[in-house]
> 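Could you have a look at this structure, given as C-alpha coordinates, before my questions?
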Amino acid sequence: MERPIKPRVCGPGFQGRVYATVSLVPPGRLVTYGDVAAALGDAAVARQVGWALAALTDDGVPWHRVINAQGRISVRGDDARAVVQAARLESEGVRFTNGRCDLRAHRFPLPSAPSDDE
DNA sequence: GGCTTGACTAATG
DNA sequence: TCATTAGCCAAGC
(Lines give C-alpha, C1' and ligand atoms only; values in the text may rest on other atoms or scores of the structure.)
Protein backbone atom coordinates (compact mmCIF):
# COMPACT_ATOMS: atom_id res chain seq x y z
CA MET A 1 0.00 0.00 0.00
CA GLU A 2 1.03 3.56 -0.44
CA ARG A 3 3.77 4.18 2.06
CA PRO A 4 2.45 6.27 4.97
CA ILE A 5 5.22 8.79 4.67
CA LYS A 6 7.58 9.34 1.82
CA PRO A 7 10.36 11.68 3.00
CA ARG A 8 11.48 12.46 -0.51
CA VAL A 9 8.14 13.92 -1.47
CA CYS A 10 8.13 16.08 1.62
CA GLY A 11 11.46 17.74 1.10
CA PRO A 12 15.12 17.31 0.31
CA GLY A 13 17.16 14.83 2.29
CA PHE A 14 17.19 14.95 6.03
CA GLN A 15 14.82 17.88 6.33
CA GLY A 16 12.12 16.03 4.44
CA ARG A 17 12.32 13.14 6.87
CA VAL A 18 12.04 15.52 9.79
CA TYR A 19 8.96 17.17 8.33
CA ALA A 20 7.38 13.83 7.60
CA THR A 21 7.96 12.60 11.13
CA VAL A 22 6.80 15.80 12.80
CA SER A 23 3.67 15.71 10.68
CA LEU A 24 2.74 12.46 12.44
CA VAL A 25 2.26 14.24 15.74
CA PRO A 26 -1.45 14.82 16.42
CA PRO A 27 -2.86 18.01 17.99
CA GLY A 28 -2.46 18.26 21.73
CA ARG A 29 0.59 16.03 21.71
CA LEU A 30 4.28 16.82 22.10
CA VAL A 31 7.54 15.25 21.02
CA THR A 32 11.15 16.15 21.69
CA TYR A 33 13.87 16.73 19.15
CA GLY A 34 15.42 13.54 20.41
CA ASP A 35 12.18 11.65 19.81
CA VAL A 36 12.03 12.85 16.23
CA ALA A 37 15.68 12.03 15.75
CA ALA A 38 15.15 8.56 17.18
CA ALA A 39 12.17 8.06 14.91
CA LEU A 40 14.42 8.88 12.00
CA GLY A 41 16.77 6.19 13.13
CA ASP A 42 19.44 8.24 14.85
CA ALA A 43 18.90 9.78 18.27
CA ALA A 44 22.17 11.60 17.79
CA VAL A 45 20.71 13.91 15.17
CA ALA A 46 18.43 15.73 17.59
CA ARG A 47 20.37 18.88 16.86
CA GLN A 48 19.82 18.52 13.17
CA VAL A 49 16.10 18.14 13.81
CA GLY A 50 16.05 21.59 15.35
CA TRP A 51 18.15 22.87 12.52
CA ALA A 52 15.73 21.41 10.00
CA LEU A 53 12.73 22.97 11.72
CA ALA A 54 14.54 26.30 11.82
CA ALA A 55 14.63 26.23 8.05
CA LEU A 56 11.00 25.15 7.88
CA THR A 57 8.51 27.46 6.20
CA ASP A 58 5.69 25.02 5.59
CA ASP A 59 2.61 25.62 7.74
CA GLY A 60 1.57 22.07 7.03
CA VAL A 61 4.15 20.83 9.50
CA PRO A 62 3.24 21.09 13.21
CA TRP A 63 6.71 22.26 14.17
CA HIS A 64 5.26 23.84 17.30
CA ARG A 65 4.70 20.37 18.77
CA VAL A 66 8.43 19.77 18.91
CA ILE A 67 10.20 20.89 22.07
CA ASN A 68 13.40 19.95 23.87
CA ALA A 69 13.84 17.07 26.31
CA GLN A 70 13.39 19.42 29.24
CA GLY A 71 9.83 20.21 28.25
CA ARG A 72 10.78 23.74 27.32
CA ILE A 73 10.51 25.69 24.10
CA SER A 74 13.77 26.50 22.41
CA VAL A 75 14.01 28.70 19.38
CA ARG A 76 17.53 29.93 19.79
CA GLY A 77 16.97 33.66 19.42
CA ASP A 78 13.63 33.68 17.69
CA ASP A 79 11.58 34.81 20.65
CA ALA A 80 8.56 35.63 18.52
CA ARG A 81 8.61 32.06 17.33
CA ALA A 82 8.56 30.80 20.89
CA VAL A 83 5.52 32.91 21.68
CA VAL A 84 3.66 31.52 18.68
CA GLN A 85 4.66 28.00 19.56
CA ALA A 86 3.47 28.31 23.15
CA ALA A 87 0.24 29.92 22.01
CA ARG A 88 -0.48 27.12 19.55
CA LEU A 89 0.24 24.42 22.09
CA GLU A 90 -1.97 26.04 24.69
CA SER A 91 -4.62 26.32 22.03
CA GLU A 92 -4.41 22.56 21.61
CA GLY A 93 -4.78 21.91 25.30
CA VAL A 94 -1.15 21.73 26.38
CA ARG A 95 -0.68 23.29 29.79
CA PHE A 96 2.38 25.40 30.46
CA THR A 97 3.86 25.95 33.91
CA ASN A 98 6.71 28.35 34.46
CA GLY A 99 7.56 28.29 30.79
CA ARG A 100 7.57 24.51 30.77
CA CYS A 101 4.92 22.06 29.66
CA ASP A 102 3.88 18.70 31.02
CA LEU A 103 5.88 16.63 28.60
CA ARG A 104 5.13 13.44 30.52
CA ALA A 105 1.41 13.83 29.93
CA HIS A 106 1.48 15.04 26.35
CA ARG A 107 4.41 13.14 24.94
CA PHE A 108 3.49 11.29 21.76
CA PRO A 109 5.14 7.94 20.96
CA LEU A 110 6.52 8.41 17.49
CA PRO A 111 6.74 5.26 15.36
CA SER A 112 10.08 3.99 14.13
CA ALA A 113 11.71 5.54 11.09
CA PRO A 114 9.11 6.38 8.40
CA SER A 115 8.98 3.23 6.32
CA ASP A 116 10.53 4.25 3.07
CA ASP A 117 11.48 0.71 2.26
CA GLU A 118 12.96 0.50 -1.19
C1' DG B 1 36.80 18.34 0.26
C1' DG B 2 37.15 20.78 4.76
C1' DC B 3 35.57 24.04 8.34
C1' DT B 4 31.76 26.32 10.82
C1' DT B 5 27.20 26.60 12.58
C1' DG B 6 23.29 24.89 15.18
C1' DA B 7 15.41 25.33 17.77
C1' DC B 8 19.84 19.02 21.17
C1' DT B 9 20.99 15.48 24.78
C1' DA B 10 23.13 13.53 28.74
C1' DA B 11 26.29 13.91 32.49
C1' DT B 12 28.45 16.53 36.15
C1' DG B 13 28.97 20.20 39.80
C1' DT C 1 17.07 24.14 39.16
C1' DC C 2 20.75 26.19 36.57
C1' DA C 3 25.49 26.41 34.29
C1' DT C 4 29.08 24.12 31.95
C1' DT C 5 31.22 20.47 29.04
C1' DA C 6 31.55 16.92 25.49
C1' DG C 7 29.60 14.36 21.64
C1' DC C 8 26.95 13.62 17.08
C1' DC C 9 25.65 14.81 12.50
C1' DA C 10 23.59 17.41 8.30
C1' DA C 11 23.65 21.60 5.58
C1' DG C 12 25.92 25.83 4.00
C1' DC C 13 29.96 28.36 2.44
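Letters A, B, ... mirror the listed sequences (proteins, then strands); counts begin at 1.
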> From dA11(C), dC8(C), dT9(B), pick the nucleotide closest to the side chain of T32(A)?
dT9(B)
> Step by step, would you call V36(A) with L110(A) a side chain to side chain contact (heavy atoms under 4.5 Å, CB included)?
CA-CA 7 Å; V36(A) 176; L110(A) 283 171; 3.9 Å; yes
> Check the distance between dA3(C)'s C1' and Q70(A)'s CD and give it to me in whole angstrom.
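For the pair Q70(A) CD and dA3(C) C1', the rounded distance is 11 Å.
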> Go through it in stages, so that I can follow the logic: the residues are D35(A) and R107(A), the test is salt bridge (Lys or Arg N to Asp or Glu O under 4.0 Å), and I'd like the CA-CA distance, side-chain angles, deciding distance and then a yes or no.
CA-CA 9 Å; D35(A) 286 341; R107(A) 199 167 195 172; 2.7 Å; yes
> Can you check the I73(A) CD1 to dC8(B) P distance for me, whole Å?
12 Å
> Using a cut-off of strictly less than 4.0 Å, decide whether R72(A) has a side-chain nitrogen or oxygen near OP1 or OP2 of dC2(C).
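Checking dC2(C) against R72(A), a side-chain N or O does come within under 4.0 Å of OP1 or OP2.
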> Looking at S74(A), does any N or O in its side chain come under 4.0 Å of the phosphate oxygens OP1/OP2 on dC8(B)?
yes
> Nearest to the side chain of Q48(A) - dA11(C), dG6(B), dC8(C)?
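Nearest listed nucleotide: dG6(B).
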> Distance from Y33(A) atom OH to N68(A) atom CG, nearest 0.5 Å?
6.5 Å
> Just how far is it from atom CD of Q70(A) to atom SG of C101(A), taken to the nearest 0.5 Å?
11.5 Å
> My understanding is that a pair needs two contacts under 3.5 Å, Watson-Crick or G-U wobble. By that rule, which nucleotide pairs with dC8(C)?
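For dC8(C), the partner nucleotide comes out as none, under the 3.5 Å rule.
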> What's the verdict on salt bridge (Lys or Arg N to Asp or Glu O under 4.0 Å) for E92(A) and R65(A), showing C-alpha distance, side-chain angles and the deciding distance?
CA-CA 10 Å; E92(A) 296 182 350; R65(A) 294 175 193 145; 2.9 Å; yes
> Return the pairing partner of dG1(B) with a 3.5 Å limit on both distances, Watson-Crick or G-U wobble; otherwise return none.
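Paired with dG1(B), as far as the under-3.5 Å criterion goes, is no nucleotide at all.
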> Classify A46(A) by what it touches in the nucleic acid, base, sugar-phosphate, or nothing, heavy-atom distance under 4.0 Å.
sugar-phosphate
> Please determine, for the side chain of R100(A), which listed nucleotide (dT9(B), dC2(C), dA11(C)) has the closest atom?
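My answer, after comparing the listed nucleotides, is dC2(C).
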> Could you work out which one of dG7(C), dA10(B), dA10(C) sits closest to the side chain of R47(A)?
dG7(C)
> What contact category does A54(A) fall into here, base, sugar-phosphate, or nothing, at under 4.0 angstrom with non-hydrogen atoms?
base
> Roughly how many Å is it from CG in L40(A) to C1' in dC8(B), rounded to a whole number?
13 Å
> Output the single nucleotide from dC9(C), dA11(C), dC8(C) whose closest atom is nearest the side chain of V45(A).
dC9(C)
